[in-house]
Amino acid sequence: MLTDPQLLASDIVANRTMNRGRVLSGVNSYERELGFDPIDWLLARRRAHGHAVWVDACCGEGLALLHAAARLRELGVSEEITLIGVDLLGAFPAHDFPNLTFVETDVTKYAPPANTDLVTCIHGLHYLGDKLGFLENAYAALGDGGMFCGQLDAENVRSHDPKLGWPAILRRAKRGGIDAALRKHVLKIVKSGSAMQFELQYAGATVSEKPNYSGITVIDSWYDFESS
(Lines give C-alpha, C1' and ligand atoms only; values in the text may rest on other atoms or scores of the structure.)
Protein backbone atom coordinates (compact mmCIF):
# COMPACT_ATOMS: atom_id res chain seq x y z
CA MET A 1 0.00 0.00 0.00
CA LEU A 2 1.15 3.52 -0.76
CA THR A 3 1.31 6.09 2.01
CA ASP A 4 -0.38 9.43 1.31
CA PRO A 5 2.96 11.21 0.66
CA GLN A 6 4.05 8.40 -1.70
CA LEU A 7 0.71 8.60 -3.49
CA LEU A 8 0.87 12.35 -3.99
CA ALA A 9 4.48 12.18 -5.20
CA SER A 10 3.94 9.29 -7.61
CA ASP A 11 4.15 9.74 -11.38
CA ILE A 12 0.71 8.08 -11.61
CA VAL A 13 -1.06 10.88 -9.77
CA ALA A 14 0.79 13.68 -11.60
CA ASN A 15 1.42 12.17 -15.01
CA ARG A 16 2.22 13.87 -18.29
CA THR A 17 -0.59 12.17 -20.19
CA MET A 18 -3.29 13.60 -17.92
CA ASN A 19 -5.73 15.83 -19.81
CA ARG A 20 -5.57 19.02 -17.77
CA GLY A 21 -6.84 21.39 -20.45
CA ARG A 22 -10.52 20.54 -20.84
CA VAL A 23 -12.75 23.50 -21.64
CA LEU A 24 -16.37 24.12 -20.72
CA SER A 25 -18.10 23.08 -23.95
CA GLY A 26 -17.17 21.46 -27.25
CA VAL A 27 -15.25 18.30 -28.13
CA ASN A 28 -12.79 18.15 -25.21
CA SER A 29 -15.12 19.56 -22.61
CA TYR A 30 -16.90 19.24 -19.30
CA GLU A 31 -20.26 19.35 -21.02
CA ARG A 32 -19.36 16.30 -23.07
CA GLU A 33 -17.85 14.39 -20.15
CA LEU A 34 -20.72 15.12 -17.75
CA GLY A 35 -23.62 14.95 -20.18
CA PHE A 36 -24.98 18.38 -19.19
CA ASP A 37 -23.99 22.05 -19.21
CA PRO A 38 -22.78 23.12 -15.74
CA ILE A 39 -23.85 26.69 -16.48
CA ASP A 40 -27.47 25.60 -16.98
CA TRP A 41 -27.36 23.79 -13.64
CA LEU A 42 -25.88 26.80 -11.84
CA LEU A 43 -28.37 29.22 -13.35
CA ALA A 44 -31.27 27.00 -12.27
CA ARG A 45 -29.88 26.80 -8.73
CA ARG A 46 -29.40 30.58 -8.68
CA ARG A 47 -33.00 31.14 -9.72
CA ALA A 48 -34.16 28.83 -6.93
CA HIS A 49 -31.86 30.04 -4.15
CA GLY A 50 -30.49 33.44 -5.16
CA HIS A 51 -26.90 32.18 -5.32
CA ALA A 52 -24.98 29.15 -6.54
CA VAL A 53 -21.55 27.60 -5.89
CA TRP A 54 -19.57 25.27 -8.17
CA VAL A 55 -16.51 23.46 -6.81
CA ASP A 56 -14.42 21.71 -9.46
CA ALA A 57 -12.10 19.19 -7.79
CA CYS A 58 -9.00 18.17 -9.80
CA CYS A 59 -9.65 21.17 -12.04
CA GLY A 60 -6.34 20.91 -13.91
CA GLU A 61 -5.48 24.19 -15.61
CA GLY A 62 -8.90 25.57 -14.71
CA LEU A 63 -9.90 26.45 -18.27
CA ALA A 64 -13.48 25.25 -17.86
CA LEU A 65 -13.96 27.52 -14.85
CA LEU A 66 -12.31 30.38 -16.70
CA HIS A 67 -14.75 29.97 -19.58
CA ALA A 68 -17.64 29.64 -17.11
CA ALA A 69 -16.65 32.89 -15.42
CA ALA A 70 -16.59 34.66 -18.79
CA ARG A 71 -20.06 33.37 -19.68
CA LEU A 72 -21.49 34.38 -16.32
CA ARG A 73 -20.03 37.87 -16.73
CA GLU A 74 -21.70 38.16 -20.14
CA LEU A 75 -24.99 37.11 -18.56
CA GLY A 76 -24.58 39.65 -15.77
CA VAL A 77 -24.80 37.12 -12.94
CA SER A 78 -21.18 36.92 -11.77
CA GLU A 79 -21.97 38.24 -8.31
CA GLU A 80 -24.52 35.49 -7.72
CA ILE A 81 -22.43 32.47 -8.77
CA THR A 82 -19.17 31.47 -7.08
CA LEU A 83 -16.63 29.27 -8.88
CA ILE A 84 -13.85 27.38 -7.05
CA GLY A 85 -11.18 25.22 -8.66
CA VAL A 86 -9.07 22.84 -6.56
CA ASP A 87 -6.02 20.94 -7.77
CA LEU A 88 -2.82 19.43 -6.42
CA LEU A 89 -0.72 21.19 -9.07
CA GLY A 90 -1.20 24.94 -9.08
CA ALA A 91 -0.94 25.52 -12.83
CA PHE A 92 -3.80 28.00 -12.81
CA PRO A 93 -4.34 30.86 -15.29
CA ALA A 94 -4.21 34.50 -14.31
CA HIS A 95 -7.65 36.13 -14.45
CA ASP A 96 -9.70 39.12 -13.36
CA PHE A 97 -12.91 37.38 -12.29
CA PRO A 98 -13.79 38.21 -8.64
CA ASN A 99 -16.13 35.21 -8.42
CA LEU A 100 -13.42 32.68 -9.42
CA THR A 101 -10.94 31.28 -6.89
CA PHE A 102 -8.27 28.61 -7.37
CA VAL A 103 -6.95 26.54 -4.46
CA GLU A 104 -3.72 24.54 -4.69
CA THR A 105 -4.08 21.55 -2.37
CA ASP A 106 -4.79 17.84 -2.10
CA VAL A 107 -8.51 17.64 -2.95
CA THR A 108 -9.05 14.90 -0.35
CA LYS A 109 -8.09 17.45 2.32
CA TYR A 110 -10.23 20.29 0.94
CA ALA A 111 -13.62 21.07 2.48
CA PRO A 112 -16.04 22.71 0.00
CA PRO A 113 -18.21 25.56 1.29
CA ALA A 114 -21.46 24.58 2.97
CA ASN A 115 -24.48 24.37 0.68
CA THR A 116 -22.43 23.97 -2.48
CA ASP A 117 -24.66 23.43 -5.50
CA LEU A 118 -22.35 21.44 -7.77
CA VAL A 119 -19.17 19.44 -7.17
CA THR A 120 -17.45 18.01 -10.23
CA CYS A 121 -14.40 15.79 -10.56
CA ILE A 122 -13.58 15.14 -14.22
CA HIS A 123 -11.50 11.93 -14.33
CA GLY A 124 -9.94 12.98 -11.03
CA LEU A 125 -11.31 10.13 -8.90
CA HIS A 126 -9.06 7.77 -10.86
CA TYR A 127 -6.05 9.20 -9.02
CA LEU A 128 -7.38 9.62 -5.48
CA GLY A 129 -6.47 7.29 -2.64
CA ASP A 130 -9.55 7.45 -0.44
CA LYS A 131 -12.18 7.82 -3.16
CA LEU A 132 -15.12 7.04 -0.89
CA GLY A 133 -13.94 9.45 1.78
CA PHE A 134 -13.76 12.18 -0.86
CA LEU A 135 -17.32 11.38 -1.96
CA GLU A 136 -18.60 11.50 1.63
CA ASN A 137 -17.02 14.94 2.14
CA ALA A 138 -18.35 16.25 -1.18
CA TYR A 139 -21.86 15.02 -0.37
CA ALA A 140 -21.77 16.57 3.09
CA ALA A 141 -20.98 19.98 1.58
CA LEU A 142 -23.85 19.91 -0.93
CA GLY A 143 -27.00 21.89 -0.32
CA ASP A 144 -30.34 20.13 -0.60
CA GLY A 145 -30.76 19.07 -4.22
CA GLY A 146 -27.12 19.81 -5.00
CA MET A 147 -25.18 17.34 -7.11
CA PHE A 148 -21.84 15.59 -7.36
CA CYS A 149 -20.83 14.41 -10.82
CA GLY A 150 -17.61 12.77 -12.00
CA GLN A 151 -16.07 9.68 -13.57
CA LEU A 152 -15.47 6.50 -11.61
CA ASP A 153 -14.30 3.04 -12.62
CA ALA A 154 -15.84 0.60 -10.13
CA GLU A 155 -12.93 -1.80 -10.68
CA ASN A 156 -10.64 0.73 -8.98
CA VAL A 157 -12.65 0.50 -5.72
CA ARG A 158 -11.51 -2.77 -4.21
CA SER A 159 -11.53 -5.05 -1.18
CA HIS A 160 -10.07 -8.43 -0.26
CA ASP A 161 -13.55 -9.33 1.03
CA PRO A 162 -15.63 -10.80 -1.84
CA LYS A 163 -18.80 -9.46 -0.19
CA LEU A 164 -17.58 -5.91 -0.61
CA GLY A 165 -17.80 -5.35 -4.35
CA TRP A 166 -19.12 -2.22 -6.03
CA PRO A 167 -22.80 -3.31 -5.96
CA ALA A 168 -22.62 -3.63 -2.18
CA ILE A 169 -20.81 -0.29 -1.89
CA LEU A 170 -23.40 1.44 -4.08
CA ARG A 171 -26.21 0.01 -1.94
CA ARG A 172 -24.52 1.55 1.09
CA ALA A 173 -24.37 4.91 -0.70
CA LYS A 174 -28.09 4.79 -1.48
CA ARG A 175 -29.29 4.08 2.05
CA GLY A 176 -31.81 6.61 3.29
CA GLY A 177 -33.15 7.26 -0.19
CA ILE A 178 -30.05 8.98 -1.55
CA ASP A 179 -30.12 9.32 -5.33
CA ALA A 180 -26.84 7.77 -6.55
CA ALA A 181 -26.13 6.06 -9.86
CA LEU A 182 -23.11 4.98 -11.88
CA ARG A 183 -23.83 4.83 -15.61
CA LYS A 184 -21.21 4.60 -18.34
CA HIS A 185 -18.55 5.34 -15.72
CA VAL A 186 -20.21 8.65 -14.72
CA LEU A 187 -21.21 8.80 -11.07
CA LYS A 188 -24.02 11.19 -10.14
CA ILE A 189 -25.13 11.73 -6.57
CA VAL A 190 -27.91 14.16 -5.65
CA LYS A 191 -28.25 15.50 -2.11
CA SER A 192 -31.49 14.40 -0.50
CA GLY A 193 -30.95 15.67 3.03
CA SER A 194 -29.62 12.41 4.44
CA ALA A 195 -25.98 11.86 5.37
CA MET A 196 -24.08 9.53 3.07
CA GLN A 197 -21.79 7.26 5.05
CA PHE A 198 -20.27 4.15 3.52
CA GLU A 199 -19.12 2.97 6.98
CA LEU A 200 -16.05 1.37 5.44
CA GLN A 201 -12.44 1.50 6.55
CA TYR A 202 -9.97 2.90 4.02
CA ALA A 203 -7.09 0.41 3.93
CA GLY A 204 -4.79 2.21 1.48
CA ALA A 205 -4.01 2.60 -2.20
CA THR A 206 -2.04 0.72 -4.82
CA VAL A 207 -1.15 1.30 -8.45
CA SER A 208 -3.75 -0.47 -10.59
CA GLU A 209 -2.67 -3.82 -12.03
CA LYS A 210 -3.98 -2.85 -15.47
CA PRO A 211 -5.23 0.32 -17.17
CA ASN A 212 -8.82 1.18 -16.38
CA TYR A 213 -11.54 1.89 -18.94
CA SER A 214 -9.87 5.18 -19.87
CA GLY A 215 -6.76 3.28 -20.96
CA ILE A 216 -4.54 4.79 -18.25
CA THR A 217 -2.88 3.15 -15.25
CA VAL A 218 -4.50 4.71 -12.19
CA ILE A 219 -4.92 4.18 -8.44
CA ASP A 220 -6.86 1.36 -6.79
CA SER A 221 -8.51 2.25 -3.48
CA TRP A 222 -8.89 -0.55 -0.93
CA TYR A 223 -11.60 -0.81 1.75
CA ASP A 224 -12.61 -3.16 4.55
CA PHE A 225 -15.71 -3.39 6.70
CA GLU A 226 -15.35 -1.25 9.80
CA SER A 227 -14.52 -3.35 12.86
CA SER A 228 -17.14 -3.30 15.59
**Prompt:** With no hydrogens and no angle check, is any side-chain donor or acceptor of Asp224 less than 3.5 Å from a backbone partner on Gln201?
**Reply:** no
**Asked** Is there a side-chain contact between Phe198 and Glu136 (heavy atoms, below 4.5 Å)?
**Response** yes
**Request:** Determine whether Val55 and Tyr110 make a side-chain contact, defined as any pair of heavy atoms from C-beta on separated by less than 4.5 Å.
**Result:** yes
**Item:** CZ/Arg32: more than 12 non-hydrogen atoms of other groups inside 6.0 Å
**Value:** no
**Message:** side-chain contact (heavy atoms from CB on, under 4.5 Å) for Asp4 and Lys109? Distances and angles first, verdict last.
**Reply:** CA-CA 11 Å; Asp4 285 346; Lys109 303 297 190 287; 3.9 Å; yes
**Prompt:** Less than 4.0 Å between a side-chain N and a carboxylate O, is that true for Asp37 and Arg71?
**Reply:** yes
**Message:** For Gly21 versus Leu63, what's the shortest heavy-atom pair and its separation?
**Reply:** O-CD1, 3.6 Å
**Item:** Test side chain to side chain donor-acceptor pair (under 3.5 Å) applied to Asp106 and Thr108, step by step
**Value:** CA-CA 5 Å; Asp106 174 5; Thr108 63; 2.8 Å; yes
**Fill in**
When every non-hydrogen atom of Arg46 is compared with those of Ala52, the smallest separation belongs to N-CB, 4.1 Å
**Message:** Just checking Gln6: does its CD atom have more than 12 heavy atoms from other residues, nucleotides or ligands closer to it than 6.0 angstrom?
**Reply:** yes
**Message:** Under 4.5 Å between side-chain heavy atoms, counting indirect links through other Ile/Leu/Val/Met/Phe/Trp/Tyr residues: same cluster for Leu7 and Ile12 or not?
**Reply:** yes
**Prompt:** Are Trp41 and Cys149 close enough, and set up right, to give a side-chain contact (heavy atoms from CB on, under 4.5 Å), and what steps lead you there?
**Reply:** CA-CA 12 Å; Trp41 177 268; Cys149 190; over 6 Å; no
**Request:** Measure up the His123 and His126 rings against each other and bin them: parallel (under 30°), tilted (30 to 60°), perpendicular (over 60°).
**Result:** tilted
**Fill in**
Only one of Tyr223, Phe134, Phe225 passes ring-ring contact (aromatic ring centres under 6.0 Å, His included) with Tyr202, and that residue is Tyr223
**Message:** If we ignore hydrogens and angles and just use 3.5 Å, is the side chain of Asp117 paired with the main-chain N or O of Val53 as donor and acceptor?
**Reply:** yes
**Message:** A side-chain contact here means heavy atoms from C-beta on lying under 4.5 Å apart; do Val107 and Leu88 qualify?
**Reply:** no
**Asked** When you measure from the side chain of His49 to the backbone N and O of His51, does any donor-acceptor pair fall under 3.5 Å?
**Response** no
**Item:** Plane angle bin for Tyr30 and Trp54 - parallel if under 30°, tilted between 30 and 60°, otherwise perpendicular
**Value:** perpendicular
**Request:** May I ask you to say whether Asp220 pairs ionically with Lys131, meaning some side-chain N is under 4.0 Å from a carboxylate O?
**Result:** no
**Message:** For Cys59, is there any backbone N or O sitting under 3.5 Å from a side-chain donor or acceptor partner on Asp87?
**Reply:** yes
**Request:** Heavy atoms only: give me the nearest Leu65-Gly85 pair and the separation to one decimal.
**Result:** CD1-CA, 3.3 Å
**Message:** Check Lys191 with Asp144, please: is the shortest side-chain N to carboxylate O separation under 4.0 Å?
**Reply:** no
**Message:** One pair to check against side-chain contact (heavy atoms from CB on, under 4.5 Å): Tyr127 and Ile216. What are the steps and the verdict?
**Reply:** CA-CA 10 Å; Tyr127 306 98; Ile216 299 175; 3.7 Å; yes
**Residues, nucleotides or ligands: over 12 heavy atoms within 6.0 Å of Glu199 CD** = yes
**Request:** Any chance you could lay out the side chain to side chain donor-acceptor pair (under 3.5 Å) test for Gln151 and Glu33, step after step, and finish with the verdict?
**Result:** CA-CA 8 Å; Gln151 287 74 18; Glu33 293 288 346; 3.3 Å; yes
**Message:** Looking at every heavy atom in both Leu128 and Cys58, which two are closest together, and how far apart are they?
**Reply:** CD2-SG, 4.3 Å
**Request:** Given salt bridge (charged side-chain N to carboxylate O under 4.0 Å, His left out), test Arg158 with Glu209 step by step and report yes or no.
**Result:** CA-CA 12 Å; Arg158 306 185 63 182; Glu209 298 171 354; 3.7 Å; yes
**Donor-acceptor pair, side chain of Ser208 and main chain of Lys210, under 3.5 angstrom** = yes
**Request:** Could you verify whether a donor N or O on one side chain and an acceptor N or O on the other, from Trp222 and Thr206, lie under 3.5 Å apart?
**Result:** yes
**Request:** Kindly state whether the ring of Phe148 and the ring of Tyr139 have centres lying under 6.0 angstrom apart.
**Result:** no
**Request:** Please test Ile219 against Asn156 for side-chain contact (heavy atoms from CB on, under 4.5 Å), starting from the C-alpha separation and ending with a verdict.
**Result:** CA-CA 7 Å; Ile219 297 298; Asn156 299 135; over 6 Å; no
**Message:** Please check this pair: side chain of Ser221 against backbone of Gly129, looking for a donor-acceptor N/O pair closer than 3.5 Å.
**Reply:** yes
**Message:** I'd like to know if the side chain of Arg175 and the backbone of Gln197 have a donor-acceptor N/O pair within less than 3.5 Å.
**Reply:** yes
**Message:** So does Ile122 get a backbone contact from the side chain of Thr120, meaning a donor-acceptor N/O pair under 3.5 Å?
**Reply:** no
**Asked** Around Glu31, counting heavy atoms of other residues, nucleotides and ligands shown, do more than 12 lie under 6.0 Å from its CD?
**Response** yes
**Asked** Judged by atom type as modelled, is there a donor-acceptor pair below 3.5 Å linking the side chain of Asn99 to the main-chain atoms of Leu83?
**Response** no
